Number of protein chains: 2
Amino acid sequence: MAELMASRKKPPVSKRRPSGKQPATIRSLAEHLKLSSAAVSMVINQTAKSDRFPEKTRKRILAAAEKFNYRPNFVARSLRKQQTFTIGVLVPEISEGYAALVLAGIEDYLLQAGYFFLVISHRHKEHQLEQCLRLFMDRLVEGIITVDTMLPREISVPTVAVSGHKRMAGVTNVVLDHRQAASLALRHLFQLGHRKIAFIKGQPFSTDTESRWSSIREAARQLGLEIDPKLVTQLQADSPSPELGYDVVKALLAERRHFTALFAFNDISAIGGMRALLDSGLKVPSDISVIGFDDIQYASYQNPRLTTIRQPLRHMGELAAETLIRRIGSKEPHPKIIAVAPELVIRESTAPPASSSLEKQVDEAAVRDWR
Amino acid sequence: MAELMASRKKPPVSKRRPSGKQPATIRSLAEHLKLSSAAVSMVINQTAKSDRFPEKTRKRILAAAEKFNYRPNFVARSLRKQQTFTIGVLVPEISEGYAALVLAGIEDYLLQAGYFFLVISHRHKEHQLEQCLRLFMDRLVEGIITVDTMLPREISVPTVAVSGHKRMAGVTNVVLDHRQAASLALRHLFQLGHRKIAFIKGQPFSTDTESRWSSIREAARQLGLEIDPKLVTQLQADSPSPELGYDVVKALLAERRHFTALFAFNDISAIGGMRALLDSGLKVPSDISVIGFDDIQYASYQNPRLTTIRQPLRHMGELAAETLIRRIGSKEPHPKIIAVAPELVIRESTAPPASSSLEKQVDEAAVRDWR
DNA sequence: TAGCTCAGGTTAAACGTTTAATCATTTCAT
DNA sequence: ATGAAATGATTAAACGTTTAACCTGAGCTA
């Protein structure tokens with residue numbers, strides 16, 4: 001029996017001496033130092049009990065780790081600790097400037113927190129969402145950040161939504177303060193004297209479309225400004241592109257409706273819309289003012305430079321990441337919603353309407369009220 | 001002795017019945033089915049030996065997996081198989097349109113290949129590169145794709161560089177055919193009649209700067225076109241921004257040098273440069289033609305629309321990913337360089353020079369040579 | 001009836017860490 | 001001399017898979 005035992009329990013001679021080609025492991029270090037792997041692990045991780053080891057031993061261990069260029073195996077550690085230090089980010093499309101900026105903010109925060117992120121874009125296809133989530137869960141992400149995406153169901157890990165309008169149990173929303181944004185933009189146009197304003201609403205699938213639009217209506221109501229439904233159009237196609245704004249404005253012009261200003265859902269469509277105006281022989285801003293939304297990099301390089309509402313996307317990404325990491329591993333109640341402030345950036349695409357407009361003097365009092 | 005054995009080998013009653021709250025594991029399934037975990041693993045993975053199990057058993061196993069919603073633990077599998085199905089992508093800055101487009105292409109390919117990717121941006125800081133690489137290696141990525149980034153050293157995993165000019169051992173480069181690109185652009189300007197052309201070179205750190213510039217000189221030589229060093233400027237700051245192009249052109253104009261066309265390193269600087277021309281009261285293209293490089297989304301929405309050389313960035317990303325996955329796990333010699341073709345996109349920002357230019361008739365013959 | 005083959009599995013180790021529980025010495029107080 | 005405490009570790013299990021090697025019994029052959 002003893003022999004049998006002996007034959008079973010072979011002498012565990014490591015094939016992987018720390019001097020070899022293979023990367024050093026805790027075990028190879030331990031063997032080399034003639035210590036147990038527990039000792040090495042504790043000292044290297046500076047775990048609570050590691051001060052039970054005398055200075056001398058600790059030095060020895062750390063020196064060996066240095067010498068053999070030991071790097072902990074992330075996968076093994078993940079398995080043991082049941083933590084992957086990975087989160088999933090779900091965006092409509094990586095290459096869109098909007099998402100890319102939020103991603104940059106997320107990266108800023110996550111890397112310094114020791115986390116990494118995986119990205120998937122669902123390409124505006126709703127039926128893909130479930131599969132995307134599954135891929136994330138299969139990878140054992142510890143949390144999820146969605147960007148401008150409506151989740152199809154509850155998620156079993158902490159989730160933060162950047163610009164997801166639907167409030168869901170367990171999800172923290174990081175959003176722009178749309179009411180303030182709408183108010184800023186509309187007051188700007190109103191104060192300039194505009195009364196006939198055309199609007200481009202966002203795509204139906206965009207999670208910002210509804211809240212932004214209702215905020216605009218509220219701001220209009222407070223200003224006593226009437227919104228002519230005939231002057232409201234909506235972007236339709238899936239992927240944002242200036243083309244969409246272009247087409248929408250061309251259609252509007254074809255109907256020969258009179259308006260003095262255009263408020264676009266985002267800069268992308270504002271740029272397309274402006275282009276349509278220019279192509280139709282209208283001058284911006286002398287004939288028609290244009291205001292956008294987002295303040296993308298190219299807004300200030302349009303001709304004329306685009307007036308817009310700035311959305312601090314990068315900061316929203318950071319905030320989302322920070323909130324998520326806070327939520328992971330703390331069972332405390334999490335914030336339901338985090339709103340960030342917009343900023344009105346006045347450039348060249350807005351100006352008082354041409355003097356042919358009649359309503360000019362009418363509402364001066366109302367303007368003062370809003371100051 | 002028997003007793004000792006028994007006491008050591010406790011009955012391995014699982015705490016995790018497949019019906020419980022915990023996710024099902026191979027072991028919990030095996031126990032429930034009264035089979036070994038090996039059997040379950042083999043059948044679920046359809047491993048070579050799985051046909052040793054009769055149809056009946058296989059059905060049972062698969063049914064149980066389905067019923068308990070078994071999902072393989074990715075981390076455990078990675079540890080065991082020593083494969084992470086993860087690659088690292090190193091970019092200058094995630095939010096820059098250039099990188100975002102390449103990333104989108106990479107994602108396209110990788111997801112369908114069962115891989116994920118981690119992104120780090122080095123923010124144009126060379127001293128960060130080493131740390132970025134280390135983070136990747138610590139995460140045990142199976143390969144690395146760099147975008148517009150010069151590696152500081154050789155890497156121990158397969159690597160593909162998108163637009164990295166320095167040829168390094170073991171690295172596959174995916175690049176635009178710069179000679180063709182330069183030739184297309186310059187011939188276009190030349191055929192329009194331009195002889196005095198100003199150039200904006202890229203930032204010193206961009207890996208495309210050198211090859212693009214030398215290709216331009218070569219193309220100029222072949223056309224018999226002289227490049228006036230006084231008309232060559234270089235972008236300086238770290239992060240690309242239209243601002244840089246703006247400043248450079250403003251400086252050029254301040255020196256009162258005469259030129260009829262501007263060839264910018266990329267669309268971003270072309271847009272800034274165009275803005276500077278416009279701000280100085282010059283008309284594009286009637287006074288000065290402008291040609292860019294990349295064909296970013298907003299190029300076609302400039303006023304005037306920007307003529308440019310299109311670079312198929314998304315495709316280059318896909319290609320890079322495909323090449324990398326091919327390289328992983330195959331010891332065959334890999335391609336050293338993969339060149340993709342540029343495309344000249346003629347829009348509104350280029351036109352023949354104002355008739356005041358004198359050289360017009362001189363080189364008609366040379367033009368024909370190049371047809 | 002010994003030996004072989006084959007079907008249908010099982011065993012146990014391995015991947016590299018972490019960590020709760022335990023152990024062997026020495027030191028110290030009583 | 002004895003028990004307690006402190007010191008400085010070790011042991012072994014666990015995380016969830018995968019896989020090479022082995023096992024068992026039935027059926028067949030010579």
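Chain naming here is simple, since letters A, B, ... match the order of the sequence lines and numbering starts at 1 in each. As the structure is a computational prediction, the values presented were derived from the model and not from experiment.
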* Asked: What residues, two or more places apart in sequence or in another chain, satisfy ring-ring contact (aromatic ring centres under 6.0 Å, His included) together with B:Tyr115?
  -> B:Phe85
* Nearest heavy-atom neighbours spanning A:Val174 and A:Ala320 -> CG2-CA, 4.0 Å
* **Most 5' of B:Ala38 and B:Asn73 on DNA chain D, judged by nearest nucleotide** => B:Asn73
* To do: Could you note down all residue pairs passing salt bridge (charged side-chain N to carboxylate O under 4.0 Å, His left out) where residues 127-155 of chain B supplies at least one of them, sequence neighbours left out?
  => A:Arg71-B:Asp138, B:Glu130-B:Arg153
* State which of D:dT18, D:dT17, C:dT18 makes the closest approach to the side chain of A:Arg77. => C:dT18
Hey, what are the protein-to-nucleotides 4-9 of chain D N/O distances that come in under 3.5 Å?
from, atom 1, to, atom 2, distance (Å)
D:dG8, N7, A:Arg52, NH1, 2.9
D:dG8, O6, A:Arg52, NH1, 3.4
D:dA9, OP2, A:Thr57, OG1, 2.6

* When the distance from OH of A:Tyr70 to C1' of C:dT18 is rounded to whole Å, what number comes out? -> 10 Å
* **Angle between terminal axes - the helix from C:dT1-D:dA30 to C:dT30-D:dA1, 5 pairs each end, rounded to 10°** => 80°
* Between D:dG16 atom P and A:Asp138 atom CG, what is the distance in whole Å? -> 15 Å
* Flag if over 12 foreign heavy atoms under 6.0 Å of CD, B:Gln83 -> yes
* Asked: At under 4.0 Å, does any side-chain N or O of B:Asn45 touch on OP1 or OP2 of D:dT18?
  -> yes
* For B:Ile61 and C:dG8, what is the distance between atoms CD1 and P respectively, to the nearest whole Å? -> 13 Å
* To do: Looking only at non-hydrogen atoms, find the nearest pair between B:Leu101 and A:Ser95 and report the distance.
  => CD2-CB, 3.9 Å
* Is the distance from OP1 or OP2 of D:dT18 to the nearest side-chain N or O of B:Ser41 less than 4.0 Å? -> yes
Could I get a table of every N or O pair under 3.5 Å where one atom is in the protein and the other is in nucleotides 26-28 of chain D?
none

* **With B:Thr159 via side-chain hydrogen bond (donor to acceptor under 3.5 Å, both in side chains) - residues at least two apart** => none
* Residues in side-chain hydrogen bond (donor to acceptor under 3.5 Å, both in side chains) contact with A:Glu318, at least two apart in sequence or another chain -> none
* To do: Round to a whole Å and report the spacing from CZ of B:Arg71 to P of D:dC15.
  => 21 Å
* Asked: Counting only side-chain N and O atoms of B:Gln82, is one of them less than 4.0 Å from OP1 or OP2 of C:dA14?
  -> no
* To do: Can you run down the salt bridge (charged side-chain N to carboxylate O under 4.0 Å, His left out) pairs that involve residues 44-62 of chain B, sequence neighbours left out, and say none if there aren't any?
  => B:Glu55-B:Arg58, B:Glu55-B:Lys59
* Whole angstrom value for the distance that separates C1' of D:dT18 from CZ of B:Arg80 -> 4 Å
* Residues which pass side-chain hydrogen bond (donor to acceptor under 3.5 Å, both in side chains) with B:Ser78, listed by chain and number, not counting sequence neighbours -> none
* Contact class for A:Phe74 vs. all strands (heavy atom < 4.0 Å): base, sugar-phosphate, or nothing? -> nothing
* **Residues which pass ring-ring contact (aromatic ring centres under 6.0 Å, His included) with B:Tyr109, listed by chain and number, not counting sequence neighbours** => none
* Structure fact -> B:Leu33 CG to C:dG9 C1', in whole Å, measures 14 Å
* **Closest to the A:Met42 side chain, choosing from D:dT17, C:dC15, D:dT10** => D:dT10
* To do: Mind calculating the distance between CZ (A:Arg27) and P (D:dT10) to the nearest angstrom?
  => 14 Å
* **Listed partners of A:Ala161 passing side chain to side chain contact (heavy atoms under 4.5 Å, CB included), at least two apart** => A:Thr146, A:Val171, A:Asn173
* Roughly, in whole Å, what's the span from CG in B:Leu79 to C1' in D:dA14? -> 12 Å
* Pairing residues for A:Arg80 by the side-chain hydrogen bond (donor to acceptor under 3.5 Å, both in side chains) criterion, not counting sequence neighbours -> none
* Asked: Looking for any heavy atom pair under 4.0 Å, which part of the strands does B:Arg58 touch: base, sugar-phosphate only, or nothing?
  -> nothing
